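Structure, as structure tokens:
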Amino acid sequence: MCNDYRLMVELASVIEEFENLKIKIRFPEGRPNVEAREDIKITDTAPIIRTVEGERAVGELVQRRWSWPSPRKKPVYNFRSEGREFGPNRCLIVADGFYEFTSPVDPKKKRKDKWLFRKIGEPIFAIAGIWRETDDVGDAFTMLTIEPGPDIAPYHDRQIVILERETWADWLDPSVSAKELIRPLPSGSLSLEQVA
């Protein structure tokens with residue numbers, strides 16, 4: 001499951017992508033300084049777009065921690081979506097790539113092979129997420145997961161939920177059923193590159 005992703009696209013371009021979809025972005029905590037990062041890892045702070053209660057096609061861009069502590073204090077960075085509905089605590093996690101790791105092909109190699117997946121033809125994509133307030137770390141988010149689609153199945157037995165662009169506003173609207181929006185991408189949606 002995804003424990004490392006990236007966002008190399010500047011914030012102005014991210015906002016423009018949302019504007020093109022007629023989704024208005026607000027900055028309730030001021031416009032954040034979002035730096036380009038090749039590796040966003042568990043417990044890092046990263047930008048998310050949160051639902052604005054009672055308003056369709058509007059989102060709040062804030063920076064929050066990726067993962068909250070479980071009762072056993074392990075980080076909850078991925079969350080199974082099957083059979084669940086999600087209310088007003090939905091968010092879009094903005095990325096331009098994510099990584100999966102596999103056992104090395106070369107038996108002499110000690111580290112796992114690292115694979116970068118990107119959405120073909122799109123500068124950014126949105127991962128379906130939820131956020132919550134915790135006593136331990138404040139507000140934090142996690143990524144939803146599903147059974148893998150054809151592009152991911154050879155590399156992992158689960159995958160993050162990548163939403164099609166036309167469903168971003170629906171994900172931010174808790175009156176729309178989450179079950180209608182959560183599905184694997186069709187074959188050929190993601191490019192793949194092995195990285196060092």
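In this text, all values refer to a predicted model and were calculated from it rather than measured experimentally.
Side-chain atoms of Arg118 come within 3.5 Å of backbone atoms of Asp96 as a donor-acceptor pair (strictly under, hydrogens ignored). When atom types are taken as modelled, the side chain of Ser81 and the backbone of Thr145 share a donor-acceptor pair closer than 3.5 angstrom. A distance-only check finds a donor-acceptor pair linking the side chain of Arg90 to the backbone of Asp173 [under 3.5 Å]. At distances below 3.5 Å, at least one donor-acceptor pair connects side-chain atoms of Trp66 with backbone N or O atoms of Tyr77. With Ser187 contributing its side chain and Pro150 its backbone, the two residues share no donor-acceptor pair below 3.5 Å. A donor-acceptor pair under 3.5 Å is absent between the side-chain atoms of Gln159 and the main chain of Ile146, judged by distance alone. The closest donor-acceptor contact from the side chain of Asn78 to the backbone of Cys2 lies under 3.5 Å.
Smallest separation of non-hydrogen atoms from Asp113 and Pro104: OD2-CA, 3.4 Å. Of all heavy-atom pairs between Val76 and Pro69, the closest is CG2-C, 4.4 Å. Tyr5 and Gly97 get closest at one heavy-atom pair: CB-O, 3.4 Å.
To the nearest 0.5 Å, the span separating CD on Glu133 from CG on Asn89 amounts to 12.0 Å. Taking CD of Glu19 as the reference point, atom OG of Ser13 lies at 11.0 Å (rounded to 0.5 Å). Atom CG of Leu190 sits about 10.0 Å away from atom CD of Glu122, to the nearest 0.5 Å. Here CZ of Arg158 is found 11.5 Å from CD of Glu100. Values are rounded to the nearest 0.5 Å. Summarising the geometry, atom CD1 belonging to Ile130 is positioned 8.0 Å from atom CH2 belonging to Trp171; distances are rounded to the nearest 0.5 Å. The CD1 atom of Ile15 lies 12.0 Å from the CG atom of Asn20; values are rounded to the nearest 0.5 Å.
Ile23 has its side chain out of reach of Ile49: every pair of non-hydrogen atoms, C-beta onward, lies at least 4.5 Å apart. In this structure the side chain of Ile124 reaches within 4.5 angstrom of the side chain of Arg165, judged on heavy atoms. Looking at heavy atoms from C-beta onward, Leu11 lies out of side-chain contact with Pro47 at the 4.5 angstrom threshold. Put simply, the side chain of Pro184 does not reach to within 4.5 Å of the side chain of Glu147, judged on heavy atoms. Looking at heavy atoms from C-beta onward, Arg6 lies in side-chain contact with Tyr99 at the 4.5 angstrom threshold. Between Arg56 and Asp170, some side-chain heavy-atom pair lies under the 4.5 Å cut-off. Considering only heavy atoms from C-beta on, Val94 stays 4.5 Å or farther from Glu17 through its side chain. Annotation: side chain of Asp139 is not in contact with side chain of Val62 (no heavy-atom distance under 4.5 Å).
No donor-acceptor contact under 3.5 angstrom links the side chains of Asp136 and Thr134, judged on distance only.
Looking at residues two or more places apart in sequence or on another chain, you find a side chain to side chain contact (heavy atoms under 4.5 Å, CB included) between Glu193 and Leu116, Val195. Every side chain to side chain contact (heavy atoms under 4.5 Å, CB included) that Ser189 has, sequence neighbours left out, goes to Asp151, Leu185, Pro186.
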| field | side chain to side chain contact (heavy atoms under 4.5 Å, CB included) assessment of Arg65 paired with Thr43 | value | CA-CA 6 Å; Arg65 174 189 153 123; Thr43 74; 3.5 Å; yes
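Judged by a 6.0 Å distance limit and a 45° cone about the ring axis, Arg64 is not positioned over the six-membered ring of Trp131.
The cluster map of Ile, Leu, Val, Met, Phe, Trp and Tyr, joined by side-chain heavy atoms under 4.5 Å apart, puts Val176 and Ile162 in the same cluster. At a threshold of 4.5 Å between side-chain heavy atoms, the hydrophobic network of Ile, Leu, Val, Met, Phe, Trp and Tyr places Val52 and Ile25 in two separate groups. Transitive grouping of hydrophobic side chains (ILVMFWY, heavy atoms separated by less than 4.5 Å) keeps Ile120 and Phe117 in distinct clusters. Two different hydrophobic clusters hold Val34 and Met8 under the rule that ILVMFWY side chains link at heavy-atom gaps under 4.5 Å. Cluster annotation: Trp115 is connected to Ile42 through the hydrophobic network of ILVMFWY side chains, with a link wherever side-chain heavy atoms come within less than 4.5 Å.
Enclosure of atom NZ in Lys109 by more than 12 non-hydrogen atoms of other residues, nucleotides or ligands within 6.0 angstrom is indicated.
Only one option out of Ile40, Asp4, Ile152, Ile93 pairs with Phe98 in a side chain to side chain contact (heavy atoms under 4.5 Å, CB included); it is Ile152.
Residue pairs satisfying the ring pair (Phe, Tyr, Trp, His ring centres under 6.0 Å) criterion with at least one member in residues 15-43, sequence neighbours excluded, are listed as follows: Phe18-Trp168.
The existence of a salt bridge linking Glu164 and Lys119 is confirmed by a sub-4.0 Å separation between a basic side-chain nitrogen and an acidic carboxylate oxygen.
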